[in-house]
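Taking it in order: structure first as structure tokens, then the write-up.
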Amino acid sequence: MVKGDAHTAAAGTTGDQQVRVWDPLVRVFHWSLVAAFATAFIVEDDVLGLHVWAGYLALTLIAIRLVWGVIGTRYARFTDFVRGPRQVLGYIGDALRFNAPRYLGHNPAGGAMVVALLILVGLTGLTGMALYGAQELSGPLAPMMAGAPADVGEALEETHEVLANLTLVLIVAHVAGVLFSSLAHRENLIGSMLTGRKRRDD
């Protein structure tokens with residue numbers, strides 16, 4: 001069973017077996033955020049300038065995605081994939097029993113992961129910006145953070161690191177979930193985020 005088939009025409013078809021699901025903005029956002037977070041995480045503050053600009057890029061991408069989640073195409077909108085805890089947990093239980101329905105867009109667990117990652121990456125970026133202002137007296141928050149006590153900077157640094165590591169844990173869980181769903185429904189979900197297309201029916 002595929003959720004959302006009634007809206008297939010609105011998404012646009014690419015043939016009898018394929019349907020366009022992920023629009024170009026969603027795909028560019030996804031892979032650009034992957035690149036931005038990976039760059040910032042890998043270089044840390046060893047290459048501070050690159051780390052900072054990767055963080056700025058991540059925050060800009062999140063801001064754009066939040067807007068697109070309201071006004072964007074059908075499968076990009078939060079109303080399409082944000083579900084309550086009961087539905088998310090119910091879907092996870094069904095998935096573990098290999099009895100979960102297939103969704104053209106994000107399934108309830110995937111939708112919850114999208115929201116969690118947007119929040120965590122956003123908080124990581126904002127704490128990093130505050131830390132940059134407190135320790136380097138640079139960036140948009142520098143005027144606000146100027147003169148902050150040393151223990152504030154230390155607390156921000158610790159929080160920033162914890163959030164970044166927690167984000168990495170969620171990314172690993174996200175990739176595991178994508179691979180699990182790909183095997184369960186016999187489709188290449190990573191490939192669909194590159195092409196924007198998914199199989200219409202099981």
Would you say [Y] ends up clustered with [X] if hydrophobic residues are merged whenever their side chains have heavy atoms under 4.5 Å apart, either directly or through other cluster members?
X	Y	answer
V52	V43	no
L66	V115	yes
L123	L141	no
L166	L117	yes
L25	V34	yes

Decide side chain to side chain contact (heavy atoms under 4.5 Å, CB included) for V121 and L61; before the verdict, give the C-alpha distance in whole Å, the side-chain angles of both, and the deciding distance to 0.1 Å. CA-CA 10 Å; V121 175; L61 289 167; over 6 Å; no
To the nearest 0.5 Å, tell me how far [X] [atom1] sits from [Y] [atom2].
X	Y	atom1	atom2	answer
D45	Q135	CG	CD	8.5 Å
I62	T124	CD1	OG1	8.5 Å
Q87	D94	CD	CG	11.5 Å
T159	L126	OG1	CG	12.5 Å
T167	L120	OG1	CG	4.0 Å
M113	N107	CE	CG	10.5 Å

Sub-4.5 Å side-chain heavy-atom contact between [X] and [Y]:
X	Y	answer
L48	E136	yes
L57	F37	no
S182	I190	no
V26	V21	no
T73	W68	yes
K198	L189	yes
P140	Y132	no
M145	M129	no

Crowding at CH2, W31 (>12 non-hydrogen neighbours, <6.0 Å):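 For W31, atom CH2 is crowded (more than 12 foreign heavy atoms under 6.0 Å).
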Which pair of non-hydrogen atoms, one from [X] and one from [Y], has the smallest distance, and what is that distance?
X	Y	value
L131	G153	CD1-O, 3.4 Å
F180	A95	CZ-O, 3.3 Å
L118	F78	CD1-CE2, 4.1 Å
A76	F81	O-CE2, 3.6 Å

Is a side-chain donor or acceptor of [X] paired with a backbone partner of [Y] at a separation under 3.5 angstrom?
X	Y	value
S32	F29	no
R199	L104	no
R27	L194	yes

Candidate pair F41 and N165, rule side chain to side chain contact (heavy atoms under 4.5 Å, CB included), full reasoning: CA-CA 9 Å; F41 193 90; N165 288 330; 3.6 Å; yes
Classify the ring geometry of H106 against W22: parallel below 30°, tilted from 30° to 60°, perpendicular beyond 60°.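 Taking W22 first and then H106, their aromatic rings sit tilted (interplane angle of 30° to 60°).
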Fit a plane to each ring of H51 and H160, take the angle between them on a 0 to 90° scale, and name the class: parallel (under 30°), tilted (30 to 60°) or perpendicular (over 60°).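 Taking H160 first and then H51, their aromatic rings stand perpendicular (interplane angle over 60°).
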Within 45° of the ring axis of Y75 and under 6.0 Å from its six-membered ring centre, is that where the NZ or CZ of R20 lies?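 R20 over Y75 ring: no.
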Are the charged groups of R77 and D80 less than 4.0 angstrom apart, N to O?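 Looking at D80 together with R77, the answer is no, because their closest N to O distance does not fall below 4.0 Å.
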